[in-house]
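One-based numbering along the sequence shown. Just so you know, ligand 1 is whichever comes first in the structure, and atom 1 is the first atom listed for that ligand.
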Amino acid sequence: MPFPSLKEQFAALVATPSVSCTQPSLDQSNEAVIELLAGWLGDLGFHCERQRVAPGKFNLLATRGGGPGGLVLAGHSDTVPYDEALWRSDPLKLREADDRWYGLGSCDMKGFFPLIIEAVRPLLEQPFRQPLMILATCDEESSMSGARALAAAGRPLGRAAVIGEPTGLRPVRLHKGVMMERIEILGQSGHSSNPAYGRSALDAMQAVMGELIALRREWQGQYRNPMFSVPQPTLNLGCIHGGDNPNRICGQCALEFDLRPLPGMDPDQLRTLIRQRLRPLAERHEVKIDLAPLFPSAPAFEEPASSELVHLAERLTGHYAEAVAFGTEAAYLQQLGCQALVLGPGDIACAHQPDEYLDLARIEPSVRLLRELIRHYCLNSALES
Ligand SMILES: [Zn+2]
């Protein structure tokens with residue numbers, strides 16, 4: 001069978017659903033996507049390793065060439081869920097119209113992989129002095145468990161990693177982190193006619209919210225990065241549930257909030273600080289206060305403006321590296337020793353939406369850019385030690 005064309009690969013990936021979702025009823029395996037990619041990359045002479053992250057969930061690391069340096073081209077193999085009724089055509093069937101390829105994952109971001117393959121194919125006759133690694137992760141859209149498992153395994157990856165999330169082909173070297181946390185207060189319910197009959201979780205929650213708002217003010221005074229359109233860290237009190245009747249002392253109350261730390265703010269340290277500040281409130285109100293993450297947090301990311309990869313990408317694209325408002329797996333790749341950058345062909349404005357697409361005009365410049373990166377890190381480069 002002849003090797004599939006760029007468009008055939010694109011269509012096959014779109015036609016192979018790999019939704020990841022925190023709601024188990026919508027969550028799907030990504031194994032079929034991993035097998036498609038491993039099949040193509042194996043045919044091209046890549047050594048393919050699968051890492052099982054959870055039942056039905058896999059990362060793929062496909063490597064060509066050996067050595068300590070080299071380049072990682074990375075993306076996630078999953079997509080968000082989709083509302084089929086809101087699409088103008090079948091989301092799982094590639095449709096070409098308006099100089100675009102429409103389909104689920106075309107922009108975010110299964111469509112990145114055929115572009116990598118297109119970039120590398122003409123180079124395969126040449127010796128790879130440093131390795132090219134193509135990484136496809138699972139569950140980026142739900143828990144980032146794939147990237148987390150890869151980081152936990154701890155095997156060093158190449159010298160530079162480019163993550164092809166939709167940035168409109170502009171290099172991105174910073175984003176904020178995402179934490180979603182839940183505070184539960186357990187007091188004691190009782191008849192409202194006498195406060196001594198209970199311990200109000202709602203009264204305690206009012207104090208907790210005051211403390212969180214005070215912390216927010218402190219963090220916003222301490223941390224600021226003008227690269228971001230919202231230059232400070234944010235903390236949003238999202239929802240609260242507690243109590244039932246006006247004549248009962250509220251025994252239980254829960255609050256959920258989202259915290260978006262800037263690069264340099266460590267989620268574990270932030271959580272420790274919040275706990276420290278809530279402890280005296282628990283004593284004062286004689287209630288139990290628990291803080292726990294709703295999801296494992298996604299760390300903030302910053303690659304220094306001075307890094308080689310940033311310079312190279314700025315030169316190749318003609319754009320200064322910037323900051324974005326969405327999160328990626330970049331910080332996990334940095335943990336494995338790579339310089340990291342987010343740079344991909346799609347537009348974030350159409351991601352996670354019906355009629356997601358990739359502009360056909362982006363294909364050729366993306367392939368050219370990826371080919372230059374591969375040349376630089378894998379063909380020309382002998383690793384300086
Ligand atoms: Zn994405």
Colleague: In Asp108, the N, O or S atom nearest to the Zn ion (ligand 1) is which?
Modeller: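 For Asp108, the N, O or S atom at the smallest distance from the Zn ion (ligand 1) is OD1.
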Colleague: Just checking Asp99: does its CG atom have more than 12 heavy atoms from other residues, nucleotides or ligands closer to it than 6.0 angstrom?
Modeller: no
Colleague: Is it true that atom CD of Glu49 has more than 12 heavy atoms of other residues, nucleotides or ligands lying nearer than 6.0 Å?
Modeller: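 More than 12 heavy atoms, drawn from other residues, nucleotides or ligands, come within 6.0 Å of this atom.
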Colleague: Drop me the distance from Met109's CE to Asp78's CG, to the nearest 0.5 angstrom.
Modeller: 10.0 Å
Colleague: Using the Zn ion (ligand 1) as the apex, give the angle to atoms NE2 (His76) and OE1 (Glu165), rounded to 10 degrees.
Modeller: 110°
Colleague: Taking 2.8 Å as the cut-off, does an N/O/S atom of Glu141 lie below it from the Zn ion (ligand 1)?
Modeller: no
Colleague: Can any side-chain N or O of Arg199 pair as donor or acceptor with the backbone N or O of Val287 at less than 3.5 Å?
Modeller: no
